[in-house]
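Below is one structure; the comments refer to it alone.
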Amino acid sequence: MSEVHFNRVALIGIGLIGSSLAHVMRVKKLADTIAISSRSEKTLKQAEELGLGDSYHTNPADAVKDADYVILCTPVGVVGELTKAIAGSLKKGAILSDVGSVKTSVVRQIRPHLPEGVHLVPAHPVAGTEFSGPDAGFATLFENRWCILTPEPGTDAAAVEAVKRFWEACGSDVEIMSAEHHDLVLAMTSHLPHLIAYNIVGTADDLESVTQSEVIKFSAGGFRDFTRIAASDPTMWRDVFLHNKEAVLETLGRFSEDLSALQRAIRWGDGEALFDLFTRTRAIRRSIIDIGQESDAPNFGRGGVAPRAKAQEPSE
Ligand code: NAP
């Protein structure tokens, strides 16, 4: 892996992802200076107390001055207005990137405000937990996880290479694809599972015949694993669904058809159909373990792990 180093990196937004980047940049010495901006004084103060950066700014335009690498680490719904706010302060030749879980909308929002000579290289680290805020971050979050880059055709090759090397230095494997393809793939692997988790936990909460305490008491029967995903940040996930609408609706349509087929198999006692599907799905889990994206320890390796660490299984 080749060396990568920036003079000044500006992190706009300092929640789970922004603070994890600040930690790993320190550990791996990827920047001389880290400038941090957050919307609220409260979050900014928290970041300062944690010593995440070298300078702290409520105005994002102040943070990006002289930065050679700017990373937007906010919910995806605000990247357009943020780019508009910082555009006049971006240095010529700077790289503008992000970490958003949706890519087509991010490019669409940023592009109209992007100054001439600033290179846009969108990125999505497929790594996370259900925790938010500056105190949730840790340096190893991106290790052995994928980071997907979605530069538009014609983007400066050196800028793409620098972002690629940056994420590799953070411990990630990097893949490059189009924003549209990213959104389709992630609709299936991340967005739909989150929607299902939010829905199943909501349904359990609404069920009047099962008391709240019984849902919690017997949660290890499978429900518990959904509650972890359904505890993910409401603002972030609201924006994901609003900004990846078409791909999520397409995937949801397919899912609903398959669910109806399962419903029919149960109603008509078609055990063969159920057994065939469950055998196929077991093989998919095996292949995820085989490529090192999951532990094969029983019960997700939960036995005896401290509660907070236990919950830091990747959620994206
Ligand atoms: P987070 O912990 O909730 O932090 C969000 C940050 O964005 C905070 O600094 C917050 O500022 C700021 N922010 C929120 N709303 C804003 C607004 N309207 N205008 C300006 N700033 C605003 O979020 P996160 O989990 O790090 O997620 C950040 C991005 O990473 C999202 O785009 C998400 O799609 C992507 N991502 C998340 C995960 C994950 O698992 N969490 C994984 C991969 C990618 P204040 O606190 O000062 O209000």
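Atoms within a ligand are numbered from 1 in the order they appear, just like the ligands themselves. Computation of the quantities below employed the complete heavy-atom set of this structure, encompassing side-chain atoms and omitting hydrogens, waters and symmetry-equivalent molecules. Nothing fancy with the numbering, it's 1 onward along the sequence.
Annotation: Ser38 places an N or O atom under 3.5 Å from an N or O atom of ligand 1; distance criterion only. Considering backbone and side-chain N/O atoms, Val78 never comes within less than 3.5 Å of an N/O atom of ligand 1. Ligand 1 has a nitrogen or oxygen under 3.5 angstrom from a nitrogen or oxygen of Ser40. Considering backbone and side-chain N/O of Val240, none are found under 3.5 Å from N/O of ligand 1. For ligand 1, the polar-atom distance check against Ile14 finds a nitrogen or oxygen pair separated by under 3.5 Å.
Contacts of Ser101 classified as side chain to side chain donor-acceptor pair (under 3.5 Å), with partners at least two apart in sequence or in another chain: Glu316.
The hydrophobic cluster containing Ile284, built from Ile/Leu/Val/Met/Phe/Trp/Tyr side-chain heavy atoms closer than 4.5 Å, also comprises Ile288.
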Could you go through the side-chain contact (heavy atoms from CB on, under 4.5 Å) check for Ile71 and Leu21 one step at a time?
CA-CA 10 Å; Ile71 313 174; Leu21 281 174; 4.1 Å; yes
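Donor-acceptor pairing under 3.5 Å is recorded for the side chains of His5 and Asp32.
Proximity of Arg39 to ligand 1, defined as any heavy-atom pair under 4.0 Å, is shared by backbone and side chain alike. Of all the heavy atoms of Asp239, none lies under 4.0 Å from any atom of ligand 1, so neither backbone nor side chain is involved. By the criterion of a heavy-atom distance under 4.0 Å, both the backbone and the side chain of Ile17 are placed next to ligand 1. Contact annotation for Thr43 and ligand 1: only side-chain heavy atoms (C-beta onward) come within less than 4.0 Å of the ligand.
Which of Ile36, Leu21, Thr74, Leu11 comes nearest to atom 29 (C) of ligand 1 through a heavy atom is settled by distance: it is Thr74. Among Gly133, Pro125, Ser101, the residue whose heavy atom lies nearest to atom 36 (N) of ligand 1 is Ser101. Looking at Ser132, Ser37, Ala127, Cys73 and measuring to atom 5 (C) of ligand 1, the nearest heavy atom belongs to Cys73. The heavy atom nearest to atom 1 (P) of ligand 1, considering only Gly13, Pro234, Gly15, is found in Gly15.
Note on Asp68 versus Lys92: no salt bridge recorded, every NZ/NE/NH1/NH2 to OD/OE distance being 4.0 Å or above. A salt bridge is absent between Asp173 and Arg145; no separation between the charged side-chain nitrogens and carboxylate oxygens falls under 4.0 Å. Contact check on Arg228 versus Asp225 returns no salt bridge, with no Lys/Arg side-chain nitrogen under 4.0 Å from an Asp/Glu carboxylate oxygen. By the 4.0 Å N-to-carboxylate-O rule, Asp258 lies too far from Arg254 to be salt-bridged with it.
Each of the following atoms of ligand 1 lies closer than 4.0 Å to a heavy atom of Val76: 32 (O). Residue contact check: Val99 has heavy atoms under 4.0 Å from atoms 29 (C), 30 (O), 35 (C), 36 (N), 44 (C) of ligand 1.
The heavy-atom pair separating Asn244 from Ala187 by the smallest distance is ND2-CB, 3.9 Å.
Contact annotation: Thr129 has at least one heavy atom less than 4.0 Å from an atom of ligand 1. Taking a 4.0 Å cut-off on heavy atoms, Gly77 fails to register as neighbouring ligand 1.
Using a 4.5 Å cut-off on side-chain heavy atoms (C-beta onward), Phe166 and Leu30 make contact.
Applying the 6.0 Å contact sphere to CD of Glu49 captures more than 12 heavy atoms from other residues, nucleotides or ligands.
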